[in-house]
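Atoms within each ligand, like the ligands themselves, are counted from 1 in listed order. This one's a predicted model, so the numbers in the text were calculated from it and none came from an experiment.
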Amino acid sequence: MYCNQCEQTAHGTGCATSPGVCGKDQDVQSLQETLLYGLKGMASYAHHARRLGMVDEAVDAFTEEALFATVTNVNFDLESLLELVLECGRQNLRVMEMLDEGHVRRYGDPSPTTVQEGTAAGPGILVTGHDMLDLENLLRQCEGTDVRVYTHGEMLPAHMYPKLREHPNLAGHYGGAWQKQRREFDDFSGPILATTNCVLIPKPTYAGRLFTTRATAVPGGVRITDDDFSAVVAKARQCDPLPEAPGRQSTVGFHHSVILGMAPTIIEAVRSGKISRFFVIGGCDGAEVGRNYFSDYAQATPPDSFILTLGCGKYRIREYDYGELLGLPRLLDMGQCNNAYGAIKVATGLAEAFNCSVNDLPLTIVLSWFEQKAVAVLLTLLHLGVKGITIGPKPPAFLSPNVFKILQEKYDLRLTGADARADLEAAIAE
Ligand code: SF4
Ligand code: SF4
């Protein structure tokens, strides 16, 4: 363990052995860190939701209480800390619900759509991160100009909302997951607007054309705090124009409302054996070796199954053609990582239809995690009592062996193994 949050910290530098000076041991520290990281992820989503006018006093009150529980000499009790950790999952579900509602209210009912990738000749701006309101404001400020706006990374799902995709300045999508941005931003000759994580410290080659919003900031970039993107639009005119370089076309927009709209067909297909299983494979992408586990897993899924994906983890698996089932692509892109809410809605909707629990459905969840929003989503799934989730590619370092054991015993939480195909076969055989 490591803790240096109070004055009595060991040797004035940090309590690095369990227990610390106050008596807090590594398991208490582990649950306090889990709570803090879950809160950070939830706060990110709540920030977007608040900007869309969606707030809930109960979420704010919980955030205060949970932070208080991590102050020195407040809570040394594993049971009550685990309770708070699971409550964080419950509150995060509410936050993801608010964010979804905020998006749908403001941008219309999502629907599947084909997105053109690559660039068209002329000035262009790339928008990355997760904040749809930043995208909307930028589009408004580009109106009447020939400046095209392209989504990047987790902004790809913007195209599923009619009021965003119908904007004349929204031209398409460019690029993949966050870890490739140093190369992709280098290659994109126009300005880049980073609205949230995951932004990397820029290379000098493009720092001068990287803009960020509010809490997001990087050395060398320009931080905008007032929604005035005129400097970004002006930069697009000063930069070299983008080349005519069309890429692939992709289909996005399988929001939970779209999938649940087909519920009678899906339920009938499950009953008649035409659908054997649903897989949720997604979350965060990352650069480490071992993340091919998720693409291997997706490729090993049987042809009579659907794969629901979300978050930038989709970029790991979308390069492969999975074919179709019931006239739909087998790989259904549900949206951003916060659209994990949608995967939960689909799962609970199916469970209701089959009069069983989510754990009794032919459903396998394989989560790639990277940062704290993924922690919040995991806590939400645990709060719902979902068992048998696989996470990876590495176990969270903040979970002590004892805490991990508790989660394994209570929720059958699993880690990605060495062989994705073998893990998949074992999951199907259960
Ligand atoms: S809160 Fe406890 S474990 Fe943390 S620095 Fe203070 S004495 Fe050490
Ligand atoms: S899904 Fe996770 S890793 Fe990917 S961009 Fe979003 S926050 Fe970052």
Under 4.0 Å to a heavy atom of [X] - the qualifying atoms of ligand 1, by number:
{"X": "Cys22", "result": "1 (S), 2 (Fe), 3 (S), 7 (S)"}
{"X": "Cys6", "result": "1 (S), 5 (S), 6 (Fe), 7 (S)"}
{"X": "Gln5", "result": "1 (S), 5 (S)"}
{"X": "Cys3", "result": "1 (S), 3 (S), 4 (Fe), 5 (S)"}
{"X": "Thr9", "result": "5 (S)"}
{"X": "Gln8", "result": "7 (S)"}

Looking at [X] and [Y], does any basic side-chain N land under 4.0 Å from a carboxylate oxygen?
{"X": "Arg414", "Y": "Asp423", "value": "no"}
{"X": "Arg209", "Y": "Asp240", "value": "no"}
{"X": "Lys40", "Y": "Glu371", "value": "no"}
{"X": "Arg105", "Y": "Glu101", "value": "yes"}
{"X": "Arg421", "Y": "Asp296", "value": "no"}
{"X": "Arg50", "Y": "Glu57", "value": "no"}
{"X": "Asp186", "Y": "Lys203", "value": "yes"}

Flag if over 12 foreign heavy atoms under 6.0 Å of CD, Glu7: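 Counting neighbours around CD of Glu7, 12 or fewer heavy atoms of other residues, nucleotides or ligands fall under 6.0 Å, so no.
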With a cut-off of 4.0 Å, which atoms of ligand 2 are near a heavy atom of [X]?
{"X": "Asn197", "result": "7 (S)"}
{"X": "Phe370", "result": "3 (S)"}
{"X": "Glu154", "result": "1 (S), 5 (S), 6 (Fe)"}
{"X": "Trp178", "result": "3 (S), 4 (Fe)"}
{"X": "Cys198", "result": "3 (S), 5 (S), 7 (S), 8 (Fe)"}

Sub-4.0 Å heavy-atom contact, Gly283 with ligand 2: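 It does, in that a heavy atom of Gly283 comes within the 4.0 Å cut-off of ligand 2.
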Whether His130 lies under 4.0 Å from ligand 2, heavy atom: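 Heavy atoms of His130 do come under 4.0 Å of ligand 2.
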Gly41, Cys284, Ala177: member with heavy atom nearest to atom 3 (S) of ligand 2: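 Checking each option, the heavy atom nearest atom 3 (S) of ligand 2 is found in Cys284.
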Candidate list Thr212, Thr196, Thr213, Thr216, test side chain to side chain donor-acceptor pair (under 3.5 Å), partner Asp134, passing option: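 Among Thr212, Thr196, Thr213, Thr216, the one meeting side chain to side chain donor-acceptor pair (under 3.5 Å) with Asp134 is Thr213.
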Any donor-acceptor N or O pair under 3.5 Å, side chains Asp100, His255: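 Per modelled atom types, Asp100 and His255 side chains form a pair under 3.5 Å.
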Residue and atom name of the nearest protein heavy atom (relative to atom 1 (S) of ligand 1), distance in Å to one decimal: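 Going atom by atom, the protein heavy atom closest to atom 1 (S) of ligand 1 ends up being Thr72 OG1, 3.3 Å.
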Shortest protein contact, atom 8 (Fe) of ligand 1 (heavy atom only):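 Of the protein heavy atoms, Cys15 SG, 2.3 Å lies nearest.
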Under 2.8 Å: N/O/S of Cys312 next to atom 8 (Fe) of ligand 2: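 It does not; every qualifying atom lies at 2.8 Å or beyond.
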Geometric class of the Phe279/Tyr297 ring pair [parallel <30°, tilted 30-60°, perpendicular >60°]: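 The rings of Tyr297 and Phe279 stand perpendicular, inter-plane angle above 60°.
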